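My questions all concern the structure below.
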Amino acid sequence: MQLNHYLSFNGQTEAAFNFYKSAFGGEFSMLKRYAEMPSEHPLSEKEKQYLLHVALPINDHTVLMGSDYTESLCAQKNFKLVQGNNHHI
């Protein structure tokens with residue numbers, strides 16, 4: 001059984017995952033920024049540097065994944081990042 005955790009942040013994903021990498025070791029198996037994604041919706045320069053997706057394998061059964069919340073994209077999907085709804089298993 002594989003158990004994956006997905007975390008959402010408001011601009012702190014990169015800092016958080018660099019910390020997790022230092023704590024757990026290993027290398028990111030994926031790291032993509034919003035700037036790499038084709039989008040019809042304009043993003044601020046700050047949002048373009050946010051992480052669209054990052055994955056850090058912890059062991060054979062667990063991958064820690066995450067992304068940054070972007071106001072411009074998530075608001076269109078009626079998603080608001082609130083402490084408590086930013087973690088999924």
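Since the model is a prediction, treat every value here as computed from it, not as a measurement.
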When every non-hydrogen atom of Ala16 is compared with those of Phe9, the smallest separation belongs to CB-CZ, 3.7 Å
Is the closest basic N to carboxylate O distance between Lys48 and Glu45 below 4.0 Å?
yes
What is the distance from atom CG of Asn18 to atom CZ of Phe28, rounded to the nearest 0.5 Å?
4.5 Å
Smallest heavy-atom separation, Asp68 atom then Asn10 atom, equals OD1-C, 4.0 Å
So do Tyr20 and Leu7 actually touch side chain to side chain, heavy atoms under 4.5 Å?
yes
Tightest non-hydrogen contact, residues Arg33 and Leu51, listed as NH1-CD2, 3.4 Å
Closest non-hydrogen atoms of Phe17 and Leu64, given as atom of the first, atom of the second and distance, are CE2-O, 3.5 Å
What closest approach, in Å, do Leu56 and Glu27 show between heavy atoms, and which atom pair accounts for it?
CD1-O, 3.7 Å
Tyr50 reachable from Met37 in the ILVMFWY side-chain graph, under 4.5 Å edges:
yes
Run the side chain to side chain contact (heavy atoms under 4.5 Å, CB included) test on His53 and Glu36 for me, step by step, so that the C-alpha distance in whole Å, both residues' side-chain angles and the decisive distance to 0.1 Å come before the verdict.
CA-CA 11 Å; His53 182 73; Glu36 299 174 61; over 6 Å; no
Do we see a donor-acceptor contact under 3.5 Å between the side chains of Tyr6 and Ser67?
yes
CD-CZ distance between Gln12 and Phe19, expressed to the nearest 0.5 angstrom
14.5 Å
